[in-house]
Amino acid sequence: MSRVRLPLAALSLASLSALVLTGCAQSTDASEDTGSSAAPAAAATGKKPAPFDAGAVKVALVRQSGAGDYFEQWGNGAKAQAKALGIDLTVYDAQADNAKQATDLSSALNSGAKAIIIDHGFPATIQPEIDKAVKKGVKVVVYDVETPTEGVVSTEQDDASMARAVLDVMAEKVGKDAKVGYVNVAGYAALDKRDTVWRSTVASEGWKQQFKVGKVTDSTATDNVPLVSAALTQHSDVAGVFAPYDELAKGTLLAVQNKKLQDKVKVFGADVSNADIQQMTAAGSPWVATAGTDPSAVGAAVVRTTALELAGQLNKTTVSFPAVAITQDFLREKKIENMDQLRKALPALNLSQVSTADWISNVAH
């Protein structure tokens with residue numbers, strides 16, 4: 001989100017930063033082919049500390065992944081980094097079923113894992129299991145999940161910087177005192193943080209918010225098209241619409257095009273993926289700006305963070321991944337068609353210096 005946790009990401013959905021959407025319910029060993037586009041691991045030079053000096057280390061990844069390739073790339077980065085570190089990674093995915101995620105977390109806790117990574121989820125559902133894990137002495141690292149439990153390491157996209165980056169572009173494009181639309185959903189950590197920046201920007205720019213719609217489902221982009229279309233029917237004079245998660249942005253994009261308003265209404269999103277790049281650069285696309293992190297690099301960095309925590313070398317409880325603004329003009333000027341090309345054109349997406357050590361084989365881009 002993100003994927004809003006976002007990457008929207010991350011939101012990537014972002015947490016997405018936190019978005020609970022779809023995925024495959026499965027248990028996957030990290031030794032399997034992940035189809036990752038992550039770069040080859042940079043060779044480690046230091047001596048492995050305990051527990052990595054005694055063979056494979058068992059770690060569980062408990063996910064609430066969502067629609068779109070943001071989440072796929074995030075998972076691929078995590079799996080590739082786990083493999084490079086010698087981590088035996090078991091992946092659970094709850095398919096937007098909150099009760100199932102709690103059950104998955106319980107299964108992970110009983111599996112003998114030395115650490116559990118929680119990628120997105122609703123705190124109220126999984127908090128009891130987080131508490132159990134910490135009491136049992138299992139290391140817990142969360143990505144875009146709000147939890148008050150001491151001892152848990154929190155990782156996240158910097159959702160405030162993500163929203164601020166794209167809203168700065170929106171301010172330039174639509175100007176002050178403009179009529180604007182908003183597509184968002186409350187209750188997800190990443191989206192709530194982005195919402196805080198949105199409300200502040202609306203006030204400072206004097207924007208007149210004409211509507212707010214949005215919902216998260218197992219088909220978020222498709223299911224938001226009629227909602228945004230109906231809003232645009234009543235408020236076709238908005239200059240721009242902010243949809244701070246790429247699946248919400250995709251639905252908004254389709255609605256604007258269906259209403260034939262692409263020459264009048266600009267779309268501003270969050271998170272970035274191959275599909276997002278293709279839609280932003282398409283001829284006549286009204287999606288003019290987004291902001292995000294590299295989801296593959298984020299997934300890898302979360303795994304490295306977990307490894308450092310297991311080795312007793314992290315020495316902090318929060319790790320944040322900064323976002324960068326990405327405009328349609330930049331993508332077209334540089335002829336960027338996919339994430340690999342974007343990584344080369346925007347070195348700021350590289351998280352190779354985040355959560356690393358000389359004993360870690362680093363696969364971040």
Side-chain angles (χ1 to χ4, degrees), residues 1-20 38 59-65 70-71 73-82 85 87 89 91 105 108 113 115-123 126-127 130 133-134 138-162 188-194 271 292-323 349-357 360 362-365:
M1 30 318 7
S2 25
R3 229 227 202 45
V4 28
R5 113 80 107 337
L6 143 243
L8 188 49
L11 198 149
S12 70
L13 300 164
S15 192
L16 217 314
S17 198
L19 302 168
V20 184
V59 173
L61 170 57
V62 180
R63 308 192 72 191
Q64 280 277 26
S65 69
Y70 178 94
F71 288 95
Q73 290 188 54
W74 197 104
N76 286 342
K79 293 174 185 178
Q81 184 65 75
L85 277 165
I87 287 175
L89 186 70
V91 182
L105 191 48
I116 299 174
I117 301 169
I118 304 173
D119 170 27
H120 299 99
F122 282 103
I126 58 180
Q127 186 59 53
I130 291 175
V134 172
V138 176
K139 300 294 185 183
V140 177
V141 176
V142 300
Y143 177 70
D144 279 342
V145 176
E146 298 288 350
T147 174
T149 305
E150 292 187 10
V152 172
V153 175
S154 295
T155 67
E156 61 182 8
Q157 294 181 114
D158 187 340
D159 289 289
S161 75
M162 178 179 291
Y188 298 89
L191 295 183
D192 289 344
K193 292 172 185 176
R194 298 171 195 184
D271 306 312
T293 55
D294 175 357
S296 179
V298 169
V302 172
V303 172
R304 293 198 304 275
T305 299
T306 305
L308 289 172
E309 176 69 358
L310 279 168
Q313 297 181 5
L314 185 61
N315 301 319
K316 54 185 172 181
T317 57
T318 60
V319 178
S320 182
F321 311 120
L349 289 171
N350 191 329
L351 299 176
S352 63
Q353 299 305 309
V354 177
S355 294
T356 192
I360 291 178
N362 191 321
V363 300
H365 294 282

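For the pair Gln313 and Ala357, the tightest heavy-atom approach, listed with the atom from each and the gap, is OE1-CB, 4.2 Å. Ala108 approaches Val62 most closely through the heavy-atom pair CB-CG2, 3.9 Å. Closest approach of Val363 and Ala300 over heavy atoms only: CG2-CB, 3.9 Å. Closest non-hydrogen pair, Val354 versus Arg304, comes out as O-NH2, 2.8 Å. Closest heavy-atom contact between Leu85 and Ala307: CD1-CB, 3.8 Å. When all heavy atoms of Pro322 and Leu351 are compared, the closest pair comes out as CD-CD2, 4.4 Å.
Atom CG of Asp119 and atom CZ of Arg63 lie 4.5 Å apart (nearest 0.5 Å). A distance of 11.0 Å separates OG in Ser161 from NZ in Lys193, rounded to the nearest 0.5 Å. Of the inter-residue distances, the one linking Asp158 atom CG with Ser320 atom OG reads 4.0 Å to the nearest 0.5 angstrom. How far CZ of Phe71 is from CD of Gln64: 9.5 Å, rounded to the nearest 0.5 Å. Note that CG of Leu61 is 5.5 Å distant from CH2 of Trp74, once rounded to the nearest 0.5 Å. Rounded to the nearest 0.5 Å, atoms OH (Tyr188) and NE2 (His120) are 10.5 Å apart.
Under the rule for a side chain to side chain donor-acceptor pair (under 3.5 Å), the partners of Gln127 that lie at least two apart in sequence or sit in another chain are Asp131, Thr147, Thr149. For Thr356, the side chain to side chain donor-acceptor pair (under 3.5 Å) partners at least two apart in sequence or on another chain are Asn362.
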Original post:
Checking side-chain contact (heavy atoms from CB on, under 4.5 Å) for the pair Thr306/Thr155: CA distance, chi angles, key distance, verdict?
Top reply: CA-CA 10 Å; Thr306 305; Thr155 67; over 6 Å; no

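In this structure, Leu89 and Lys79 have side chains that are in contact, with non-hydrogen atoms separated by less than 4.5 Å. Taking 4.5 Å as the limit, every side-chain heavy atom of Val142 sits out of range of all side-chain heavy atoms of Ile126. Put simply, the side chain of Val302 does not reach to within 4.5 Å of the side chain of Gln81, judged on heavy atoms. Side-chain contact between Ile117 and Thr305: absent, with no pair of heavy atoms (C-beta onward) separated by less than 4.5 Å.
No donor-acceptor pair under 3.5 Å is formed between the side chain of Thr317 and the backbone N or O of Val153.
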